[in-house]
Each structure stands twice: as structure tokens, then as C-alpha cells.
Amino acid sequence: MYPISPLYDEYLKERARQWSVKVDIAGTEYGMDSIIDFSVENNLTPTDDFAIGQAIPSKLVLRLKTADEIPPNARIVPYIALILPPEMDGANVAWQDADVAWQDADFPWQGAITEYMPLGEFFVDRREKIGPETWEFVAYDKLVYADVAYVSQLSYPATMQAVWDEICTQLGFTYDSSVVIGSYTVPVAPTGYTCRQVMGYIAGANGASVYVGKDGTVKFRRYSASDVPVMEVTDAEYIAVTETGPAKTYTRVVVVYDPDEGLAYEAGTGDENHTLYVECPFATQTIADALLVQLSGFSFTPIQMDMRGYPQIEAGDRIRYGRAAPELTWETADIAWEDADFSWDGFYDGGQSLCLNMTYSFKGGLSLGIDAPAKSEQESEFGVDGTLTAAINRLNRNSVKKGKTYYGLTITDDEGFVVERSDHKSKITLNSDTMRWDVDGSAALEYDAFAGKLRYRGDIIMEGGSISWSDVNAPDIDDIPNLSGRLTYIGPTGIYTGTINANQINTESLSAISANLGTVTAGQIIGVSINSAVITGSTIQTATSGRRIVMSDAFRSYDSNNVVRISIEDFPGFNYHQLQFFGQSGTRVGVMSGTDGQTNLATVNNAMLVLRGNPIAIDTTSSVNFQGVPVSGLTLPISAISGLQDQLNAIWSALNNKADKGAFTQPAGPYNGGIPIGTNLMTSGGGVVTWNGIPAHSHVQS
């Protein structure tokens, strides 16, 4: 029973009670002026018989006046409260007029109304416009979201508690302390079931059914002989009650783990009228025995009842109903024990029953319909099958049914023939269009009939046989994808791939743009380039004859008539190395040598030039030519020519603007020589000469 305040409970019993209702739709509240009516259905069992292990979504039907656009799958929570008499309006009592303390007040401080109690949490499934701005909404509680395939990530065997927690985590459900799960295990992953089915199976194994409470929390209703009534419903509270059969008790439990094959575990003894059937694919004999112990002494009377609405009653609650007897004490009792026509619990008639299927209806007032179904003993008689029934039963036993899993095999409309491991590790799908083998959720082997292609992902290990093909079209290189990566294409014209890593490749012919090989044994290698490689014990040549370069024990360069051989000689102990040059006849024609700390450069055959040491010396057995001028026996240490450039620059500066020997000066003159030109001079002979000066002239430099 849902908890309510004492004030709420007190005024629920009033004859002239008044209700206030509201609904919260996607965060918007609608009050009495918008609500036409609503009904809430809570079901724990099928409509024809008592059962456990059920998980049935509750249903809300709401008729509302609104012009608002209600979003799809909107969350709806209906609330209901009681309106109190004006004298209970604590919200309008002035502080100075309040003659009671807060904790002693028998009226609500929020006003003349009780608290609002939720009637469940629902989500819109469909809607219909039934008038101008008038809508009818049909909504279900969150168990409707559990109608999805359960795909487990657990390792199996797994505990039922772990499976339950995984489902609730996947669906975002919260559950309360009423969910008590025994230490049972699920041997293999429940392939082919929905989350709601698995939740029901787990509840059934623990003697319970699943429902969502008024506060939106997932709960268990667990049945046992220790059940006690949560409420007494006298004849003043109900309009009519019909007992649809005698009190129902169970002395035998049958837990069916394969309904198609009729495989089950049994505990206890009894006829069909006292047998409870429970379906659970994970059943064990231990579960059957535990259920018998739990239900031993459990009993209820099947009824149908229409009564005043008490919103605190929850699905599965046990009630005591009937005509109440007057309260008697020993001293006032005026009848003997054997003459009393009422029970010791104070009722003339009636009994105890369960609110298994309930319907709350609000149309200005709140009413409640209760149904506690159970097959009667008469319905359990005459169990002889007719000819048609027997034939149908044989067909059910022997036929393969769509959607049912047979040790991993399922036949479905959308996929055809499916074989799947219980832990979903692998799955095979076969139909007219596709042959597919999935591993870990991805296609490992697939034949696409429309594309005409076979695809495989994984390793191929051949332990014999061979691979051959004929009448295969050569591939178009443009159709070979991603050759720069690690994709490999094998066709009749060759193998196309990105990178090959190998310890050894034996081949007569290898052609590659680039290769990174460990050991290569080959008759011939024709390639473009070899980068970052070590080649040992090989002859490398640019051609087999004619003009070529050959590298083997030495470096040789050939043209049509001559060959040059270059070899390197080491002299251990002297740290001395030589690079030697040989002519076509094999005669050594040159040497380059070096030692640690200095370098020598020399040529042979009567002339040798050596650079060594510090400072550098030039030694030779014959003359050294400097621009055609022979120099013999000349030693010029570096210090001897130090500063020579500066001295040369000084000499050139001193000679600047000096006369050149043997050159003529520029012409100068004429000059008067100190005698004015035109002067008449007397000669020795007594004559007269006119002075014309010294004419223009030049001189030779000495």
C-alpha cells in the first residue's frame, strides 16, 4: 500500500469527500478545468487465472481539453488529492490567531487540501482527437520500454541478480527493496528474449511478479502464506462483490523450462486445481522446491468487486472484505461460541482476496474495480482431449515454430535461418539473398548474392590441398582499392599488396617498387631502388658487358677499352689505410692514403704529391710545375709566406703614379725659356734673329 498521511487517510473515509486532480504532461500541469476523466489499469496476472512471473505494463487512458501540442511519448503523471472543509485551511490562519504549534496542527499548512498522491508514471503511446481541442491519450508505464531484445555483455553462468541489474542499467530503471532475488544463476545468456520477459522469469523464480509503483519505481509483488490484509473493505465501501470460485490454494508447483517440449521441474503433490504453473527457462529443481515452500499455506478467494476509490491501494495488495460484525467484548457477548454466525476477525461473511487486476476511474469521483481471477475446480475437470485437440497438440510438439530458439537455431521472417550462440559470440544467417557469419558482431564471412562477392575477415590456415582458378577475368588495376595500405588482392595476373614482411623469400624473379626484406635468395633482382639495405657477398653491376660499373671485391669502371680498379688496403697495427687505383693492365697508377691524425695524398709513377702533417709540406722526387714553370727542390713552409700579401700590397701602393721606364712623356710646350717671344737678338756675325721660344716636345723615361 502506498504511504499517505493520517489526514489523507481520515478524509478518505468521509462519505461526502471531494477530489482535486491534476496531470503533469511533459512538465506542464493541467488541472480540473482541463481534465475530462481518466482511468488507470494495474494488472499483475492474466485475465483468466492467477500467475506469477508476470511483468505487465500499467495503462492510462486520459481525456483532456487542450490546444497545446503534446510531444510524442510525453511523460504523464496523474495526481489526486482531497479537498478539505474551510476550517482546515491552515494556509489562511494568521500567526496571531494560531493557537497550536506547527507539530500539533491537525490541518495542512498549505491550505484546505491534502497532499497530491501520484497514480503512476506513464508515457504516451497513441492519441486521438475526439472533439474540438479535446484529446484522448493512451499511455503505458515504463515497462513498455522493456519490450526490446536483451543483449547481454555478462560472462555466463551469471547470477540472476547480475542479469537483473544489467537490464535495469540498460533501461535506466530504478528498483526498491521489495526486489529480493535469491542466489540463483542463469546458465547461458538468454538469447531471443526481451528484457521484459527476462525480468518476469527472474521474478517468477523468486515467487513474485514485476510492476511499476505509483512513484515510477520498479517493484516486486512477492506472494507467500505470510501475507496479511493491508485494508478492511466492509460492505459500506463496495457496491458489489462476486466470488467467482472457492478459495484458491496450491499444493503443487510445476516450473516449466521448455513449454514446447513440456519439460518441467515439479515439487509437491495435488490435482490440477491445486497446481501452480510457472514458466522460467532458467529453472532448476531447487527453484521449484523453494517456490513450494514459499507458497505453502498461501490462499485467496477469486472475486470481482466494484468499490469506492482508495488510491493508496497498490497492485497485489491483500484485502479483507465482507459484512462487519458488531464489536463484542466477553462481558457483553450474549451468544455462545457455537451459535456465533461471524468469524473471529469480526465479519459475518466474505474473505481475503488480492487486488491482482485493478482499474481506477475518475469522473468527478474516484471508483475502483478489482479482479482476482483463478480457474475454478469445475474448469479443471474433463481434461480429455478430442481428436482435433490431440492433433493440434501433436503438431505443436513436432513442428518448428518461427521466432522460437532451438539450441541456438531460430527461423524468422526478416532473417530466415539463424544460428546464434547464447553468448552472442557468433551468429550464422542464411537466406536467399545473404549467407553471413558474424563474429563479435561483425561479418567474418559473407556472400552477397546481389553483388556476387564473397568476403572474409580473419586468418586462413591451410593444412593441405591447393588453391587454383580458371576462367577468371584479369582485374582492372583501378578497381583494386587501397594498394598503399595492407590490403592484398590475389588475381590471375599476380598478387597486389602494400607491405610484405618475411624471413625468407625464394623466387626466380622479383619485381618491386619498394621492399623491406629479411633474407632474399633470388636468381635475379630487377628493381628501381634499394634504400637503407645491407647487401653482403654480392656482385653489383650496371650492365653485364660494355660500359658499366662493377662492385665486388673492388670498384671497377669499364668503358670499351679501359678499366679502372679501385681497392682499399688496410695495414693493421699502423692504423694505415690506402685507397689504390689500378689501370687496365693491373698496374697501380695512384694511391690515396691516410693515418690517424693526418691525411696523405700521393700519386705514383715518377711523380708523387703528398699533403701531410701540420703545417702542410709538399714533397716530390721530381719537379713541381706551377702554371708551367718548373720548380725543383723548393720547400715553402707556411710561416715563410706568412704576411706576403700585406707586403705585396705595400709595394703596389709605393709604385702607384710612378713613371714607366722607356715610356714617352706627354708632349709639352712651347715655352719662352725666360725670353719674351718676338725679341730680336744679335748674332755673332752682326745679324739680327727673332726669338720664337722652345717648341712643344716629349722625353723618354729611364
Side-chain angles (χ1 to χ4, degrees), residues 1-3 42-46 49-58 120 141 143 146 159-165 167-168 173-186 196-231 247-256 265 267-268 275-280 282-284 286-302 312-320 352-358 370 372-374:
M1 181 175 286
Y2 191 84
N42 304 123
N43 299 304
L44 276 184
T45 68
D49 197 8
F50 172 75
I52 64 175
Q54 305 298 301
I56 304 173
S58 294
D141 69 21
L143 279 180
T159 64
M160 283 190 181
Q161 183 68 61
V163 173
W164 175 272
D165 288 338
I167 291 175
C168 290
F173 290 177
T174 57
Y175 61 90
D176 65 8
S177 58
S178 66
V179 178
V180 178
I181 299 174
S183 57
Y184 304 129
T185 60
V186 179
R196 187 158 67 89
Q197 285 178 302
V198 177
M199 293 175 75
Y201 294 145
I202 293 175
N206 291 273
S209 288
V210 182
Y211 73 101
V212 178
K214 299 180 187 296
D215 58 355
T217 301
V218 177
K219 301 175 182 289
F220 268 8
R221 173 56 172 102
R222 196 169 185 268
Y223 305 96
S224 70
S226 61
D227 284 351
V228 295
V230 300
M231 187 177 184
K248 193 75 172 178
T249 58
Y250 298 97
T251 60
R252 175 171 170 254
V253 175
V254 177
V255 185
V256 181
Y265 295 102
T275 299
L276 177 65
Y277 287 91
V278 182
E279 183 177 342
C280 179
F282 332 125
T284 62
T286 301
I287 291 176
D289 294 340
L291 288 175
L292 179 64
V293 172
Q294 177 182 326
L295 296 172
S296 179
F298 170 77
S299 175
F300 73 96
T301 301
Q312 74 270 37
I313 297 177
E314 291 191 290
D317 281 349
R318 180 177 287 269
I319 60 173
R320 176 64 168 96
Q352 293 187 16
S353 190
L354 301 172
C355 302
L356 296 175
N357 299 325
M358 308 189 310
I370 296 175

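No donor-acceptor distance shorter than 3.5 angstrom exists from the side chain of Asp215 to the backbone of Gly120, with no hydrogens or angles considered. Counting only distance, with no hydrogens or angles, the side chain of Thr217 and the backbone of Thr174 share no donor-acceptor pair below 3.5 Å. No donor-acceptor distance shorter than 3.5 angstrom exists from the side chain of Arg222 to the backbone of Ser178, with no hydrogens or angles considered. Formation of a donor-acceptor pair under 3.5 Å by the Ser209 side chain with backbone atoms of Gln54 is found in this model. Under a 3.5 Å cut-off, the side chain of Ser224 and the backbone N or O of Leu295 do not form any donor-acceptor pair.
To the nearest 0.5 angstrom, Ile287 atom CD1 is 14.0 Å from Leu292 atom CG. Here the OG1-OH distance, from Thr286 to Tyr265, works out to 9.0 Å after rounding to the nearest 0.5 Å. Atom-to-atom distance recorded for Arg318:CZ and Ser299:OG is 7.0 Å, nearest 0.5 angstrom. Atom CD of Gln294 sits about 8.0 Å away from atom CG of Asn206, to the nearest 0.5 Å. Residue Ser353 holds its OG atom at 11.0 Å from CZ of Arg320, rounded to the nearest 0.5 Å. In this structure, Tyr211 OH and Leu143 CG are separated by 11.5 Å, a value rounded to the nearest 0.5 Å.
Between Gly204 and Val278, the closest heavy-atom pair is O-CG1, 4.1 Å. Scanning all heavy atoms of the two residues, the minimum distance from Ala55 to Pro57 falls at O-CD, 3.8 Å. Between Pro373 and Thr45 the shortest heavy-atom distance is CG-OG1, 3.7 Å. Considering every non-hydrogen atom in both Ile56 and Pro46, the closest pair reads CD1-N, 4.4 Å. Shown here for Ile181 and Phe220, the closest heavy-atom pair between the two residues is CG1-CE2, 4.1 Å. Shown here for Ile319 and Pro229, the closest heavy-atom pair between the two residues is C-CB, 4.0 Å.
Applying the salt bridge (Lys or Arg N to Asp or Glu O under 4.0 Å) test between Lys219 and each of Asp176, Asp317, Asp141 identifies Asp176 as the sole match. Just one residue in the list Val186, Val210, Thr159 forms a side-chain contact (heavy atoms from CB on, under 4.5 Å) with Trp164, and that residue is Val210.
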Criterion salt bridge (charged side-chain N to carboxylate O under 4.0 Å, His left out) on Arg221 and Asp227, from CA distance to verdict: CA-CA 11 Å; Arg221 173 56 172 102; Asp227 284 351; 3.3 Å; yes
Passes side-chain contact (heavy atoms from CB on, under 4.5 Å), Phe173 versus Val212? Steps please. CA-CA 10 Å; Phe173 290 177; Val212 178; over 6 Å; no
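Here the two rings, on Phe300 and Tyr223, have centers that are 6.0 Å apart or farther.
For the pair Leu291 and Ile52, the minimum side-chain heavy-atom distance is below 4.5 Å. Two residues are said to be in side-chain contact when any heavy atoms from C-beta on lie closer than 4.5 Å; Met1 and Glu314 fail this criterion. In this structure, the side chains of Lys248 and Phe50 stay at 4.5 Å or more apart for every pair of heavy atoms.
If you check the side chains of Tyr175 and Asp165, you find a donor sitting under 3.5 Å from an acceptor.
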